[in-house]
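To start, the structure under review is shown below, and the notes come after it.
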Amino acid sequence: MTDNRFLKEKLTESQNKAVWHRDGSLLVIAGPGSGKTRVITNRIAALVEQGVSPANICAITFTNKAAEEMRNRVVAMDVPGGVHLSTFHSLCVRILRKFSQAADTPDNFSIYDDSNQKSCIKEAIKQAELDIKNFPPARMLEAISRLKNNLQNADEFIAANVGDYFSQCVGKVYRNYQKILKQNNALDFDDLLMATALLLKNNPGVRSQLNQRFKYLMVDEYQDTNHAQYQIARGLALEHGNICVTGDPDQSIYGWRGADIGNILAFEQDWPNAVIVKLEENFRSGPEILAAADRLISANKSRKQKRLIPALPAGAEIISQCLEDERAEASYVAGFVRRLLDSGEEASQMAVFYRVNSMSRAIEEAFIENHIPYQIVRGVEFYGRKEIRDMLAYLKLIVNPADEQAMVRIINTPGRGIGKTTIDKLVAYSASKAIGLFDVIRNCERLESIPAGTKAKLKKFAEMIVGFQKDIEMPVADLMDKVFRNTGLYNELKAEAATEDGGKSPPLENVAELINSAERFDMQEQGGLVDFLQRIALFSDTDTYESKSGKVSLMTLHCAKGLEFDNVAIIGLEHGILPHERSIDSAREIEEERRLFFVGITRARKRLCVTLSRYRTVHGMTNRTVDSQFLFEAGLRYQDTGQRQSSFVESDVKEPSGVYYETEISDENQQPFSAGQLVSHKKFGLGRVKEFHNLGENSIVVVQFKTGQVKPLMLKYANLSIIE
DNA sequence: TCAGGAATGCTTTTT
DNA sequence: GCATTCCTGA
């Protein structure tokens, strides 16, 4: 069976089993570096070889980038086109567009990003007559997101929580928020999933059609699916059961987004005949790196034991180093990279990972200083720019005049003498009469409170937009160019450029790039402006990553998922950073942070460099840091500041697999601290012990001080005195 | 209407 | 430390 003309590589026995399992459900539990993606692409090829039409195959990936890479691989195997490869979100947009009547979603909806969501939620809170201080927008959005992921609507939630004041408030805000989205003819990210999941659940006809369209379904990174995504996958395969999912519970890092490892367990229940294949061999990383990863992940208690079997020979290197502060840390990392570049390593085969985006700053500066080419893997860079957002707002308004967010953004950009006061009046009128904002503007002569001069300006604006709407069938790039010139945006940017020296203007270049991308879209894709806009809304950070850029990649640990590099540096191994401050109160979240570090470590093929700094400045305050417990758990002992920088080979670690750290504990006979004790600190004053982590001489005390601050302190430096 | 300065607050990770 | 919002005065 292995003489498939598409398959050129030799596969292991388990991989073969996963590739050639044709009918029925299949669960692939695959560790890092086990060739998971290759299994999926080969499986696609194998299905086609067996006579399945490519159009009947659907593979769902975690990012658009992953889908693109998968497509390239499939093309390289000479598989004919037509396989549907995309993320859950893109797939949902397609389904909702196709079945817009059944789903009760209009065709031209806008997709709202976080900044849109934020202003909608603020409005929703205001309408519920609640205070932003007691009901912070971010929290409300989080709560609503969770409800949507669990497919619960506002009314159901309110009914289910009678008598609970806070929940009633959340429910009200949720209801208002949905009303606002509906008025704007907009869906947020969670709506896309929820609407699709409900469509599949409640409409057997649609479900049946989709089951016939996609006869074979594959889902990658299954451990990171949330409940809504789980329901979608299940619904899409319900009638034929040809569903293949791959995942690794140890790499689940999206719990905060509602991802549920339980979906893997549920898989076996939903598909009782599921064949389970485990891929434990690791073809990516050297055994030294895998040993560290294995020691680390073994510290997770709620975990099924799984082996990491190295397929590569020994010879990988782990360096760990503690530096004075983040600048020293960054320049150390730059030095590490520089040396490797000089010794002939490829820049595109190197990456630096960090826990939070803000940590890229210091690294960037050090890289610039050392003339190291780098790319930051974050798409917000481009799509977050003002001029791009303005352009897109015009386009959104053209396809969806109900989009108030877009309208408010550009009605006075460039300046047309329509100010905040006028906008507020219009919005208030629109809300009170339940007339769309655009219609209010078109018929503004009725509004007495607006001066005649302003009315004329409003009319002119409305006419301009209506004029553009007539051209909606134009190629996207042409329409964009027309909008750019006729709105005055071009002149404005040109004028700004003239005041800058050199006449070179990044904003102008950015818009040119946007128009370029539209041109590419026009040539390669079917569909018009609506499709273009909806696709752009789903573009994300990792999508800007170029694997052959000749640059070192800088990214968060979350972005690193699914990628691999020869040489990897991970910075900020400090308590409060990794694990992150917001996770340290919950054992469950600490385990997720541990998995995050695990993902980071297992990206490295040949070399891993782990750093921390003794002092770090966070929100303008410089504090002494505390070592991350993960360092000890992984058995990574570092060279300290002041000493010569030197590397050590992993085999130098004396005790393997965690024993190292337990013996340290047994040296320390009694715990000097326990939770609840009242203590005093020289600088911070009185406080109560919240947690005590007994790590021998590296023990950590977490103290809540009277000032309200919660601080992790390293026992040997903290100099705490016990009051009671 | 709008610019500019002061005050406030907020900080994880992403589709 | 930075971004956003708030507030004031022209």
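Residue numbers start from 1 in every chain, and the chains themselves are labelled A, B, ... in the order their sequence lines are given, proteins ahead of strands. Since we're looking at a predicted model, the values are computed, not measured.
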To the nearest angstrom, the CZ-C1' distance between Phe353(A) and dT12(B) comes to 17 Å
Would you mind classifying the nucleic acid contact of Arg595(A) as base, sugar-phosphate or nothing, using non-hydrogen atoms under 4.0 angstrom? nothing
Test log, rule side-chain contact (heavy atoms from CB on, under 4.5 Å), inputs Glu69(A) and Thr37(A): CA-CA 10 Å; Glu69(A) 270 175 20; Thr37(A) 319; over 6 Å; no
What is the separation between atom CZ on Phe597(A) and atom C1' on dT13(B), rounded to the nearest whole Å? 16 Å
To the nearest angstrom, how far is His89(A) atom NE2 from dT14(B) atom C1'? 9 Å
Between Glu581(A) (CD) and dC10(B) (P), how many Å, whole number? 15 Å
Would Phe88(A) count as stacking on dT15(B) if stacking means ring centres less than 5.5 angstrom apart and planes tilted under 30 degrees? no
Which one, dT13(B), dT14(B), dT11(B), comes nearest to the side chain of Val356(A)? dT13(B)
Between Thr617(A) and dG1(C), is there a side-chain N or O to OP1/OP2 distance below 4.0 Å? no
Which whole number of Å gives the distance between the C1' atom of dT13(B) and that of dT4(C)? 22 Å
Rounded to the nearest Å, what distance is computed from the CD1 atom of residue Ile121(A) to the P atom of nucleotide dT4(C)? 19 Å
Thr556(A) has a side chain; which of dT15(B), dT12(B), dT14(B) sits nearest to it? dT14(B)
Looking at Arg257(A), does any N or O in its side chain come under 4.0 Å of the phosphate oxygens OP1/OP2 on dT12(B)? no
To the nearest angstrom, the CD-C1' distance between Gln251(A) and dT13(B) comes to 16 Å
So, do His558(A) and dT13(B) meet the stacking rule of ring centres under 5.5 Å and planes under 30°? no
What residue among Gln127(A), Gln117(A), Glu123(A) forms side chain to side chain donor-acceptor pair (under 3.5 Å) with Tyr177(A)? Gln117(A)
Over 60° means perpendicular and under 30° means parallel, so tell me whether Tyr374(A) and Phe367(A) are parallel, tilted or perpendicular. perpendicular
Could you state the CG-P distance from Leu557(A) to dT13(B), rounded to the nearest angstrom? 11 Å
In whole Å, measure the gap between the P atoms of dT11(B) and dC6(C) for me. 15 Å
Under 4.0 Å between a side-chain N or O of Asn357(A) and OP1 or OP2 of dT13(B)? yes
Sugar-phosphate, base or nothing in reach of Lys122(A), heavy atoms under 4.0 Å: sugar-phosphate
Flag for Arg389(A)-Ser115(A): side-chain donor and acceptor within less than 3.5 Å: yes
Between Asn184(A), Asn116(A), Asn400(A), Asp188(A), which is the residue that forms a side chain to side chain donor-acceptor pair (under 3.5 Å) with Ser110(A)? Asn400(A)
Gln223(A) atom CD is separated from dT13(B) atom P, nearest whole Å, by 20 Å
If you only use heavy atoms from C-beta on, which nucleotide in dT15(B), dT14(B), dT11(B) is closest to the side chain of Tyr254(A)? dT14(B)
Heavy-atom nearest nucleotide on DNA chain B taken for Thr87(A) and for Glu593(A); more 5' hit belongs to Glu593(A)
Which residue, Tyr354(A), Phe597(A), Tyr254(A), forms the ring pair (Phe, Tyr, Trp, His ring centres under 6.0 Å) with His558(A)? Tyr254(A)
